[in-house]
Amino acid sequence: MPDRYEPAIIEPKWQQRWREADLFRTGEDPNRPKFYCLDFFPYPSGSGLSVGHLKNYIPTDVLSRKKVMEGFNVLHPMGWDAFGLPAETAAIREKRHPADLIREYAETYKRQQNLVGIGYDWSREISSSDPEFYKWTQWIFLILFKRGLAYQGEFPANWCPVDKTVLANEEVEGGRCWRCGNPVEKKMLKQWFFKITEYAQRLLDDLDEIEWPEGIKAMQRNWIGRSEGVEFRWNVVGTDKSFTVFTTRIDTVFGATFCVLSPEHPLVSEIVTEERRESVEQYVLEASRLNEQDRLAVGREKTGVFSGAYAENPFSGEKAPVWIADYVLMGYGTGAIMAVPGHDERDFEFAKKFGLEIRQVIEPLDGVERALPFEATDGRMVNSGEFDGLTCAEGQSRLADVIESRGIGARRVNYRLRDWLVSRQRYWGCPIPVVHTADGEIEAVPESELPVLLPPVESYEPTETGESPLAAIEEFVQTTDSRGRPARRETDTMSGFACSSWYFLRFCDPRNSERAWDPKKVEYWMPVDCYVGGAEHAVLHLLYARFWTKVLYDEGLVPFKEPFSVLRNQGMLLAQTPFRKPREGETLHVGEEGVQISFEEAAQLPPDQVFYRWEKMSKSKGNVVTPEEAVSRYGADALRVYELFEAPFEQTIQWTDERVMGAVRFVNRVFKVSDSLRKNFIRNWRSGVTSAQFDRSESALRFATHCAIEKVSKDIDDFRFNTAVAALMEFVNSISDFARTADFNRESARLAASEAIENLLLLIAPVAPHTADEVWESYGLEGFTLNKTWPKADPSLMKMDEVTVVLQVNGKVRANIQAPASSTQEDLERLALENEKVRQHIGDLAVRKVIVVPGKLVNVVVG
RNA sequence: GCCCAGGUGGUGGAACGGUAGACACAGGGGACUUAAAAUCCCCCGGGGAAACCCAUGCGGGUUCGAAUCCCGCCCUGGGCACCA
């Protein structure tokens, strides 16, 4: 009989029994409600998992297990986002095929997840690089293609010279590649795009329907960047040419003392005067050479050149010089602006530098003079002719009306969101299923010919030119079009984000070889009830998946508009990471205080040269604790308890051995208290408790039992795992105290203890499933705890006969009394006023008011 | 600069507007032990002999009562950033 926690013995034993019993097979009983609990699609890497990755796998497992016990059909699957660069890079390095590598990596992940007792239904395992999967990724691509939502275009794209592929805007972070961190370059390349911009408004609107962290919603709103304004035409003086500007501040149009065109604007070369042509061309050339990061650098001084041309302000009739400057971006709005230096900081800066006129046309409502630029919109128009005196809001609406009636422009909504650049010039991705005919047409590969398989080749190194390595594989490229004529296959592959934009649908029906999914199954399981992963995908995966879902909805393939009803982001796990102080003459990057070193190196250096910092646990930081290490040192259940208990789910935590030991001690106490009560256990306590007479301490234990049921149930539902574990600890402490002091000659004591211990095992089962099953079995109880019914608290047992009432005088606590729970307000008021302590503090003062909160407190207000 | 989270003991963290510090970690004391480890019990925000007083980043406010609500600051973490 187990009297302590021996993870090395019990954990492998139960994991094997669960596997043999196929315990985690997804339930499909039509009489039960469903619950779809999903972790972000992981990218298996060669370094395997760390205990940091478990910060989301453990909580979703706890929730899933509880939902199973509550009688839900629970879909809790796992699969692999298998295409993409890390596997391909590793494969090239190791001279092996990425498919083999990814299989190994996934096996490692799977083994590690099993090691900590995560209950996935492995019969539904999928891998996005499996042709059975990517056939359907291609099928969905063709749906987008046929709906006109996938197109090829040639634009300056973000090119990562290290990864040798283009990137989507969402994959560029501060001008650098999100994966390798290198600055991206602009490269003119023919690329495939998805028209996500067409869905901008819907992606914005439907955020209101989903229960996601506000921060993530804010980031998506910000990324989509809706702004309302007007677009209108300016005529270039002395020519028949004109350009259109977009502004959100049409109320400031009388202050538009110049205009600016982006260097890439097509009109630049047409309007430039001969004497300015050389300097303008020089400037445009320089601008094109700048990379995105440098061009957009914070605090960079404004640059620009005068074109020599003037444009007429359609309101004031004044002639405004037209400048060319790279602070105006071609990709947003119209690539041309009216510059209002009096009310826009950027225009102000530019005007200052080049000595252009700065004019105030809005004054603050309070009449107090402000320094220009005055950007607030709660002002009044001045120096604006007939519009003087209007507020900004009134002016915006009136001027927009005028523009529309004069036919020179219109109201317009702009979005910052750009189309999703989806093609990649790499081998290890899902091939784009189109062919290019000899006469330049693009044809979809017929559905019957899907999947377009990646050719099994030896060499697929990326090129420097922006051409996919597949282009060099003639057997792949050479094909025929729909009329049998020679044609060339598309050689770019899709970004991995295409695969992860629909994988959650495949999990509903993962082995379907006829279709991407059976609509009935998707309708049953979707949307995902609880989606858990890191916040770093706020505008990547989470935006793309929403977009694809809406397209599939429009196509009539799914009956919902949003894929993930509830989203949660887990916090990071940090670990102590050694650094050494810089050596003489060694220079560090900005913000760095030392050089990161290995633990071995730290041990050899003199202590005053070494310092530690908390860094995110990752292979590159050399601070990883693997699940294997943690499980062998502490045990899976203790590891689970630790990660759940340490801090709230969404909070970053610091890996600390001492605290994990605290979790080990707790699991141990569960074994100890169970062992001490085993001989007093009454199996059919349920029928006994209805008639037994319980004494005070027995009733107190029953009270603790039912409070624990209530608290743990609610906390798990609310993702408050830390307080759920705290409640379990408190409950174990109550049972231990009872076990030590109770008189087990009394049957009622044995009944109360039996009720407590059996409920404890059920409540702890999702958190520490090996422990629960082990003790369960040692009590002679049958089956797995997962198949038992989740306990329900009896409200009548959660009331106490006597309650503690706090007595306050003027809001300060002066005494505590025990009073019958049934005491009325009048009773409590009387008890308070009779209380010796309270009377002392009242003294001679007059009682003005008595506040009574029944069952809680009495506050006597005097003075 | 803008948008989100957050600031509570030595530490991680609890706390429907109602006893601030649950539950843990570390620390101290004790029991058991030849001893240590493990385990168990007790103490553990600060000041004060006590009565009491002071304490939830800072300053105001609302309230019988504020860690919690409101206003204005400061600091930390994360995200976005020349988007007109």
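For the numbers below, each heavy atom of this structure counts, side chains included, while hydrogens, waters and symmetry mates do not. Here the structure is a predicted model, which is why all the values come from computation and not from measurement. Lettering of chains follows the sequences in order, A, B, ..., and the numbering in each one begins at 1.
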**OP:** Name the nucleic acid region contacted by R740(A), choosing base, sugar-phosphate or nothing; use a 4.0 angstrom heavy-atom cut-off, strictly under.
**Re:** sugar-phosphate
Subject >> Pairwise P distance for rC70(B) and rU62(B), with rounding to whole Å >> reply: 15 Å
Subject >> Integer angstrom distance from the P of rG47(B) to that of rC41(B) >> reply: 28 Å
**OP:** Find which nucleotide of RNA chain B each of R720(A) and H841(A) is nearest to by heavy atoms, and output the residue with the more 5' nucleotide.
**Re:** R720(A)
Original post:
Can rG9(B) be described as syn, meaning its chi torsion is within 90° of 0, or is it anti?
Top reply: syn
Subject >> Sugar-phosphate only, base, or nothing, as touched by V813(A) at under 4.0 Å among non-hydrogen atoms >> reply: sugar-phosphate
**OP:** Check every strand shown and say whether V328(A) touches a base, only sugar-phosphate, or nothing at a heavy-atom separation below 4.0 Å.
**Re:** base
Original post:
Is any side-chain N of the basic residue among D717(A) and K714(A) closer than 4.0 Å to the acidic one's carboxylate O?
Top reply: no
Original post:
Is a donor-acceptor pair below 3.5 Å formed from side chain R665(A) to base rU39(B), judging by atom type as modelled?
Top reply: no
Original post:
When the C1' atoms of rC16(B) and rC82(B) are considered, how many whole Å apart are they?
Top reply: 47 Å
Original post:
Is there a donor-acceptor contact under 3.5 Å linking the side chains of Y415(A) and Q201(A)?
Top reply: yes
**OP:** Pick base, sugar-phosphate or nothing for K837(A), based on heavy-atom distances below 4.0 Å to the nucleic acid.
**Re:** sugar-phosphate
**OP:** Would you tell me if any nitrogen or oxygen in the side chain of Y332(A) comes within less than 4.0 Å of OP1 or OP2 on rA84(B)?
**Re:** yes
Original post:
Taking R359(A) for the side chain and E357(A) for the main chain, is one N or O donor matched with an acceptor at less than 3.5 Å?
Top reply: no
**OP:** Sticking with atom C1', work out how far rC71(B) lies from rA26(B), rounded to a whole angstrom.
**Re:** 40 Å
**OP:** On RNA chain B, check which nucleotide each of Q651(A) and R814(A) is closest to and give me the residue with the more 5' one.
**Re:** Q651(A)
**OP:** Ignoring hydrogens and angles, state whether a donor on the side chain of S307(A) or Y283(A) is under 3.5 Å from an acceptor on the partner side chain.
**Re:** no
**OP:** Mind checking G225(A) for me? I need base, sugar-phosphate or nothing, with any heavy atom below 4.0 Å counting as a touch.
**Re:** nothing
Original post:
Roughly how far apart, to the nearest Å, are rG10(B) and rG28(B) at atom C1'?
Top reply: 13 Å
Original post:
Taking the same atom, P, in rC64(B) and in rG59(B), what whole-Å distance lies between them?
Top reply: 23 Å
Subject >> N722(A) side chain near rA14(B) phosphate (N/O to OP1/OP2, under 4.0 Å) >> reply: yes
Original post:
Within the pair K812(A) and rA55(B), is there a side-chain N or O less than 4.0 Å away from OP1 or OP2?
Top reply: no
**OP:** Verify the contact: side-chain N or O of T723(A) to OP1 or OP2 of rA22(B), cut-off strictly under 4.0 Å; return yes or no.
**Re:** no
Subject >> OP1 or OP2 of rA26(B) under 4.0 Å from side-chain N/O of R659(A) >> reply: no
Subject >> The single option from K55(A), E646(A), Q654(A) passing side-chain contact (heavy atoms from CB on, under 4.5 Å) against L573(A) >> reply: K55(A)
**OP:** May I ask you to evaluate whether N733(A) reaches the phosphate of rA24(B), defined as a side-chain N or O under 4.0 Å from OP1 or OP2?
**Re:** yes
**OP:** Would you indicate, yes or no, if rG18(B) has its OP1 or OP2 atom less than 4.0 angstrom from a side-chain nitrogen or oxygen of K856(A)?
**Re:** no
Subject >> Gap in Å between the two C1' atoms, one belonging to rC75(B) and one to rC69(B), rounded >> reply: 22 Å
Subject >> Atom pair distance, as rounded to whole Å: CG in L728(A) and P in rA14(B) >> reply: 16 Å
**OP:** Using the C1' atom on both, measure rA55(B) against rA66(B) and round to a whole Å.
**Re:** 14 Å
Original post:
Touch check for F645(A), heavy atoms < 4.0 angstrom, all strands: base, sugar-phosphate only, or nothing?
Top reply: base
Subject >> Any R669(A) side-chain nitrogen or oxygen under 4.0 Å from OP1 or OP2 of rA38(B) >> reply: no
